[in-house]
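A short worksheet on the structure shown next.
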Amino acid sequence: MTDRYAVIGNPIGHTKSPLIHGQFAQQTEQDLRYIAIEGPREPEGAFAEAVRSFIAEGGKGLNVTAPFKLQAFAMADESSDRARMAGAVNALKFVDGRILAENFDGIGLLRDIAVNLSRPLVGRRVLLLGAGGAARGALLPFVEAGPKELVIANRSVAKAQALAEQVNGKGSVVRACSYPGLAGEGAFDLVVNATSASLTGALPPVPATVFDAEGLAYELAYGKGLTPFLRLARDAGVRQLADGVGMLVEQAAEAFEWWRGVRPPTRGVIEQLTVPLQ
Ligand code: ATR
């Protein structure tokens, strides 16, 4: 029987996941069907019920997107370290009546940066903007990639500090900083915008001095062209700019491999979904 998978979110109309996983399945000759489900926001417990009926109908796994990442975490029987650190999950797997939870957003981001964009983090100075869900997801994979320094900047510095403290046991390369404080930090090899500012066309108040012309500026949002953050980086002379399309496809590939035990090729799908940065 054809195995069933889906992405669940609300709204879900914009999702690229069925296209991505459909291509992965074709390329790896896996017999599966992948659809989009609009999950219920209300009443309380309705999301968990929707997941349970998907399982009852033979569902093998789900990708989870906004606003359900925390609820998915709460209903899991088993969570990976990455999911626990992020406090959120973006993928579920159903095995022998148990719900297993993962968060591949951070590792997808890291793979895109280190492999696709040829920028391994080891020994580098990294600046992470934001301390919300997206930044939390990225933090553990980033620390494990061995940067020389990892600075988290956030409007609410206390949130950035709390994040830094959470990973301090893994080494003391991580510290928090305010946006004004970044003026004294010099240039970074990699600047990642993990704030939600670009969703509203806003710009995190980051000084242009954080950019290195030879470095990489990475915007987590995708398909929005040159966001205010990427424009600032370009105007500061940064030659390598990227948005989150590669991260989107790489996190999907991680989930696909987790579910199916086969790693799909990603380059062709990334090229197909790329919107020029102009
Ligand atoms: P997500 O899941 O997308 O990370 P979130 O958990 O709500 O969303 O976190 C949003 C992040 O974007 C936060 O770090 C927020 O900063 P504060 O914690 O100081 O509020 C950041 N953010 C949102 N809009 C911003 C803006 N215009 N400038 C700078 N940071 C912004």
Side-chain angles (χ1 to χ4, degrees), residues 7-12 14-17 39 41 47 63-74 79 82-91 101-110 112-113 126-142 150-167 174-183 185 188 191-211 217-224 226-233 236 242-245 247-248 251:
V7 57
I8 187 163
N10 187 331
I12 199 64
H14 62 280
T15 184
K16 304 271 185 246
S17 292
R41 286 173 180 265
F47 167 76
N63 278 128
V64 181
T65 185
F68 300 123
K69 290 184 175 190
L70 302 181
Q71 289 180 64
F73 179 65
S79 304
R82 288 187 289 234
R84 276 199 300 276
M85 173 69 211
V89 313
N90 84 329
E102 258 291 5
N103 188 319
F104 294 121
D105 286 334
I107 191 76
L109 171 64
L110 181 68
D112 192 37
I113 292 171
V126 178
L127 173 60
L128 185 61
L129 305 176
R136 273 203 310 274
L139 197 53
L140 201 53
F142 270 29
L150 202 168
V151 175
I152 308 171
N154 200 44
R155 286 184 308 197
S156 150
V157 184
K159 262 168 80 178
Q161 252 150 6
L163 261 192
E165 274 159 30
Q166 252 183 294
V167 287
V174 184
R175 69 201 157 79
C177 188
S178 67
Y179 281 108
L182 287 175
E185 287 287 344
F188 291 83
V191 183
V192 177
N193 183 14
T195 73
S196 54
S198 305
L199 302 181
T200 54
L203 176 67
V206 54
T209 49
V210 300
F211 295 108
Y218 195 107
E219 168 76 76
L220 251 62
Y222 66 89
K224 294 193 173 298
L226 212 53
T227 61
F229 165 77
L230 289 176
R231 185 164 292 125
L232 181 73
D243 76 0
V245 65
M247 170 189 178
L248 172 75
Q251 65 75 27

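Quick note: numbers below take in every heavy atom, side chains included, and nothing from hydrogens, waters or symmetry partners. For ligands, and for the atoms within them, numbers begin at 1 and follow the listed sequence.
- When atom types are taken as modelled, the side chain of Asn90 and the backbone of Phe104 share a donor-acceptor pair closer than 3.5 angstrom.
- Considering both main-chain and side-chain atoms, Ala135 never comes within under 3.5 Å of ligand 1 through any nitrogen or oxygen pair.
- With rounding to the nearest 0.5 angstrom, the OG atom of Ser178 is 10.5 Å from the CG atom of Asn154.
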Quick one: side chains of residues 127-137, donor-acceptor pairs under 3.5 Å with protein atoms, not counting sequence neighbours, listed by atom name and distance.
| from | atom 1 | to | atom 2 | distance (Å) |
| --- | --- | --- | --- | --- |
| Arg136 | NE | Ala86 | O | 2.9 |
| Arg136 | NH2 | Ala86 | O | 3.4 |

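- The contact set between ligand 1 and Ala197, taken as ligand atoms under 4.0 Å from a residue heavy atom, comprises 24 (N), 25 (C), 26 (C), 27 (N).
- Each of the atoms 12 (O), 21 (C), 22 (N), 30 (N), 31 (C) of ligand 1 lies under 4.0 Å from some heavy atom of Thr195.
- Taking OG1 from Thr227 and CG from Leu230, the interatomic distance works out to 3.5 Å, rounded to the nearest 0.5 Å.
- The structure places CG of Asn193 at 11.5 Å from CG of Asp243, a figure rounded to the nearest 0.5 Å.
- For the atom pair CG (Leu232) and CZ (Phe211), the distance works out to 4.5 Å, reported to the nearest 0.5 Å.
- Of the N or O atoms in Ser156, one or more lie within a sub-3.5 Å distance of an N or O in ligand 1.
- The shortest N or O to N or O distance between Gly133 and ligand 1 is below 3.5 Å.
- By the side chain to side chain contact (heavy atoms under 4.5 Å, CB included) test, Arg175 pairs with Arg125, Glu149, Val151, Glu185, sequence neighbours left out.
- Remark: ligand 1 atoms within the under-4.0 Å shell around heavy atoms of Ala202 are 27 (N).
- Ranking protein heavy atoms by distance to atom 9 (O) of ligand 1, first place goes to Gly132 CA, 3.3 Å.
- Listed by atom number, the atoms of ligand 1 under 4.0 Å from Gly130 heavy atoms are 14 (O).
- When each atom of ligand 1 is checked for a heavy atom of Pro204 under 4.0 Å away, the hits are 28 (N), 29 (C).
- Using cut-offs of 30° and 60° for the angle between ring planes, the Phe68 and Phe47 rings count as parallel.
- For the atom pair CD (Glu219) and OG (Ser198), the distance works out to 3.0 Å, reported to the nearest 0.5 Å.
- To the nearest 0.5 Å, atoms CD (Gln251) and CG (Asn63) are separated by 5.5 Å.
- Polar contact with ligand 1: absent for Leu203 (N/O pair, distance under 3.5 Å).
- Near Ala134, with a cut-off below 4.0 Å to any heavy atom, the atoms of ligand 1 are 1 (P), 2 (O), 4 (O).
- In this structure, atom 7 (O) of ligand 1 has no protein heavy-atom contact shorter than 4.0 Å.
- Only the side chain of Lys159 comes within contact range of ligand 1, with a heavy atom under 4.0 Å; no backbone atom does.
- Closest protein heavy atom to atom 20 (O) of ligand 1: Arg155 NH2, 2.9 Å.
- Within the 3.5 Å criterion, the main-chain N or O of Pro141 finds no donor-acceptor partner in the side chain of Arg82.
- Scanning the protein heavy atoms around atom 12 (O) of ligand 1, the nearest turns out to be Ser196 N, 3.0 Å.
- Comparing Val157, Leu199, Asn154 against atom 15 (C) of ligand 1, the shortest heavy-atom distance belongs to Asn154.
- Residue-ligand proximity, Ala131 to ligand 1, at heavy-atom distances under 4.0 Å covers atoms 14 (O).
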